[in-house]
Amino acid sequence: MKMCIAEKPSVAKEIAHVIGATVRRNGYMEGNGYCVTWTFGHLCSLQEPNEYTEKWKQWNLSVLPMIPSKFRIKLIDDEGIKKQFAIIEELVSKAEMVINCGDAGQEGELIQRWVLTKAKCNVPVKRLWISSLTEEAIREGFDKLMESKDFDTLYAAGSARAIGDWLLGMNATRAYTLKYGNGKNVLSIGRVQTPTLALVVERQKTIENFKPETYWEIRTDYRGGLFSYTRGRFNTKAEAEALLEKIQTQELEILSIERKKAMESPPKLFDLTLLQVECNRKYAFTADNTLKIIQSLYEKKLTTYPRVDTNFLPNDQYAKVPGILKGLKPYENLVQPILTGGKIKKSSKVFNDKKITDHHAIIPTGVFSYDMSPDEKRVYDLVARRFIAAFYPDCEIANTTVMAKIGEEEFKATGKQIIDPAWRVVFGVNTDKQNDENVLPVYEKGEHGPHTPEILEKETQPPKYYTEADLLRAMETAGKQVEDEELRDLMKENGIGRPSTRAGIIETLQKRHYIRKDKKRLLATPTGIELIDTIQNDLLKSAELTGQWEKKLRMIEDGKYEVNGFMEELKVMVNEIVHRVKYASAKTITVVPEEEEKKKTTEKKKRAASTAIPAPVLICPKCGQGSVVKGKTAWGCTLYRKSCDFLIPLSIHEKKLTQKQIDTLIQKGKTGTINGFKDEAGNSFNGILKLDSNYQLYVERPKN
């Protein structure tokens, strides 16, 4: 019997269906010579300090650093996990071969190897390595099963990462808590979370300490075009006024007109970070929320493996492009020009084998289903349109630069026009309208005439607070401000954290009350600021240094760096951190207790509730017995799943419904005209919400 072990029950179900293991058993499926079982993510972890030696049980500064001679794993103390592991252990003992079907990445490799090690697996192990859960991909993967030893360096990197996080987290957290926590407050320190917090704190301090400086600029309007003084800003108003007086009575003369045509490539395909950034910018989704949504789309077989850090596709994927495009049913009008326009475009900015790591960029699989939540539809739409746009021609633009003079002083005007929108039509950009401030009139060289100059008083601006999107980008480039996409791509290997863990790091910082959200802005709390101020060791809080450690982990994965060397460096680092803390002067960092924050929030909600107008009770129109209330994913009857199935989604056609609209719909059976619905092509339309004779919701478009 061949035993397959997947990372989740849902993935195991898909694999079992394809390979014919259709008989359901307790904790696994069986059939056709296979049994398919699963983990629930991590079943094992590294042992706690007290499990290595009794002296590490008590938190004591004198016994630090804690560095086990050999790290050991243990089963996580959970009844469900113990039960599932017992099933895995029994199946392993009977198997003639094990097929590791874990997620095809560093974390997936680590999870499965730990479980198989704990289960004392001593039979041959093969590796299923796939990028999507479509039937075709699974069959292809089983036809090309790989040797487990081919992934030994991937496991080594995952193991080194876990051990590094244990060494640094356990020792630094205990050291700082004992020294600065006043015996009450746990001060959590992490290899990635602390430099991430430092980024937020440093940005915030820069903003708070920023002193704006006033400066003046001169520009002039000539025939509707705005010309700026080429020598830049003035530090005093008197200087600006002197020049204004000088040029006011003189005519402006056009010296040269340069019009350069340029081509703009379609935007890059998504890696996980870029998708999280776009979802945060466009829909205010948190990074963690985006990861959960794209993971769900992957498990529904609609998109490829999400936890990736590349924007490219391998060359062998090119042959599959027509099939994927044909499967994107709602985008038929956008796909048709590609399929009927001759040979499909193949760009090195999309296909590049050298840029592929574990997996390729996130793209649609070509399998489509309407079984998506509103948020899943939004994320799927972003991924699908990026993919389609990659095969459209480059957009043609014209950059215009007009040089002029007024007396002896030089002025310049610049403009940009879209000549051929090409890929931009995929995103619904109205290319007939040009950006008004960039459109310049037609000028002739040598022409001259009167103009209208003015002085603009301006102030230097501080940097902006981090949003979640900005912080993800900063983590990707180890805190360096990089706008250029090509350069950003080169810096990815020095980023802090991995694409799959960055969202969790931001969530952890919020849970530990080191940062908080203010609308879209991320702000450091007094505790977070105080903690970073207390840490004197740059190894702990420098994003750049942490990025160098991340690079070494990637080199281990590629087989270019020895694990033993990395571990020795880690031990030296931990020793240095503990030594510094032991001999530093003591102070106390105050942590705002979670209970206190919860109490304040509860009191605020109570005050709001006491002044709120009670909502009307909505009797269910279908059964007439229950009432309609708002849940997490829909409005529904309180007798739902008992005797009534009445439901109204929170949004329809990408339009989020308001309580007032629902009240009207329930009471009258229809609403007034509502703006902002979107069809499958992304075009907006108006409509009236109605309930049909079966109390099903639909949108009626007005006849006019």
Side-chain angles (χ1 to χ4, degrees), residues 42 44-49 51-53 55-56 63-74 100 102 104-118 120-122 125 127 146-175 189-195 309 357-358 478 492-498 500-501 537-540 542-581:
H42 281 279
C44 297
S45 66
L46 292 170
Q47 288 185 351
E48 297 296 318
E51 292 173 286
Y52 290 98
T53 172
K55 70 176 182 179
W56 290 347
V63 302
L64 299 181
M66 302 176 292
I67 302 177
S69 56
K70 187 177 180 181
F71 279 86
R72 302 192 295 261
I73 57 172
K74 65 168 185 174
N100 177 356
Q106 196 183 98
E107 196 73 5
E109 191 68 21
L110 183 72
I111 287 169
Q112 304 300 73
R113 293 263 191 139
W114 276 359
V115 169
L116 293 175
T117 300
K118 192 71 180 167
K120 296 183 175 63
C121 176
N122 54 16
V125 180
R127 185 62 160 104
M146 304 172 84
E147 294 296 331
S148 181
K149 62 181 173 59
D150 294 345
F151 299 90
D152 283 353
T153 55
L154 186 69
Y155 169 60
S159 184
R161 178 183 295 277
I163 290 170
D165 288 343
W166 190 101
L167 279 172
L168 199 64
M170 291 290 185
N171 284 289
T173 296
R174 287 196 179 192
I189 307 287
R191 186 179 56 83
V192 179
Q193 76 171 40
T194 305
D309 60 357
T357 50
D358 298 342
K492 278 184 181 179
E493 60 182 31
N494 279 70
I496 58 175
R498 289 181 71 80
S500 57
T501 61
N537 195 317
D538 280 344
L539 287 169
L540 268 181
S542 165
E544 201 166 342
L545 288 173
T546 307
Q548 290 170 15
W549 286 81
E550 288 285 353
K551 185 177 181 180
K552 286 173 184 173
L553 284 165
R554 285 174 175 80
M555 288 169 72
I556 291 171
E557 189 176 315
D558 295 337
K560 296 174 183 175
Y561 199 76
E562 287 295 324
V563 176
N564 290 341
F566 180 77
M567 296 311 298
E568 286 307 312
E569 289 178 53
L570 262 176
K571 290 171 186 176
V572 169
M573 178 182 176
V574 168
N575 269 299
E576 185 185 328
I577 288 165
V578 171
H579 179 80
R580 281 202 186 188
V581 173

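Residue indices begin at 1 and follow the sequence shown. From a predicted model like this one, the values you see are computed outputs, not experimental measurements.
Heavy-atom minimum distance, Gly190 versus Pro195: O-CD, 3.8 Å. When all heavy atoms of Asp165 and Arg191 are compared, the closest pair comes out as OD1-NE, 2.5 Å. Closest of all the heavy-atom pairs between Val581 and Ala175 is CG1-O, 3.6 Å. Of all heavy-atom pairs spanning Ile577 and Ala172, the tightest one is CG2-CB, 4.4 Å. Of all heavy-atom pairs spanning Ala160 and Leu553, the tightest one is CB-CD2, 3.9 Å.
Glu569 pairs by the side chain to side chain contact (heavy atoms under 4.5 Å, CB included) definition with Trp549, Lys552, Tyr561, not counting sequence neighbours. In this view, Val572 satisfies the side chain to side chain contact (heavy atoms under 4.5 Å, CB included) rule with no residue, not counting sequence neighbours. With sequence neighbours left out, Thr153 forms a side chain to side chain contact (heavy atoms under 4.5 Å, CB included) with no residue at all. In this view, His42 satisfies the ring pair (Phe, Tyr, Trp, His ring centres under 6.0 Å) rule with no residue, not counting sequence neighbours. With sequence neighbours excluded, the residues forming a side chain to side chain contact (heavy atoms under 4.5 Å, CB included) with Asn171 are Leu64, Pro65, Met66, Leu167, Val574, Val578, listed by chain and number.
Among pairs with a residue in residues 150-159, those fulfilling salt bridge (charged side-chain N to carboxylate O under 4.0 Å, His left out) read Arg113-Asp152, at least two apart in sequence or across chains.
For the pair Glu550 (side chain) and Gly497 (backbone), a donor-acceptor distance under 3.5 Å is present. Side-chain N or O atoms of Thr173 include one that pairs as donor or acceptor with a backbone N or O of Gly169 at under 3.5 Å. With Arg498 contributing its side chain and Glu107 its backbone, the two residues share no donor-acceptor pair below 3.5 Å.
Atom CG of residue Asp558 and atom CG of residue Leu154 lie 9.5 Å apart, to the nearest 0.5 angstrom. Interatomic distance, Gln112 CD to Thr117 OG1, rounded to the nearest 0.5 Å: 11.0 Å. Between Leu539 atom CG and Thr194 atom OG1 the span is 12.0 Å, to the nearest 0.5 Å. Considering OH of Tyr52 and CG of Leu46, their distance stands at 5.5 Å, rounded to 0.5 Å. For the atom pair CH2 (Trp166) and OG (Ser45), the distance works out to 11.5 Å, reported to the nearest 0.5 Å. For the atom pair CD1 (Ile496) and CD (Gln193), the distance works out to 11.0 Å, reported to the nearest 0.5 Å.
Comment: Arg127 engages Glu109 in a salt bridge, judged by a side-chain N to carboxylate O separation of less than 4.0 angstrom. The existence of a salt bridge linking Glu568 and Lys571 is confirmed by a sub-4.0 Å separation between a basic side-chain nitrogen and an acidic carboxylate oxygen.
Between Glu48 and Trp56, the closest side-chain pair of non-hydrogen atoms is not below 4.5 Å. No side-chain heavy atom of Ile67 sits less than 4.5 Å from a side-chain heavy atom of Leu570. Residues Lys560 and Arg554 fail the side-chain proximity criterion, which asks for heavy atoms closer than 4.5 Å.
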Problem set entry | Trace of the side chain to side chain contact (heavy atoms under 4.5 Å, CB included) decision for Ile189 with Leu540 | CA-CA 8 Å; Ile189 307 287; Leu540 268 181; 3.7 Å; yes
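Heavy atoms from other residues, nucleotides or ligands lying under 6.0 Å from CD of Glu576 number more than 12. Within 6.0 Å of CD in Glu51 there are more than 12 heavy atoms belonging to other residues, nucleotides or ligands.
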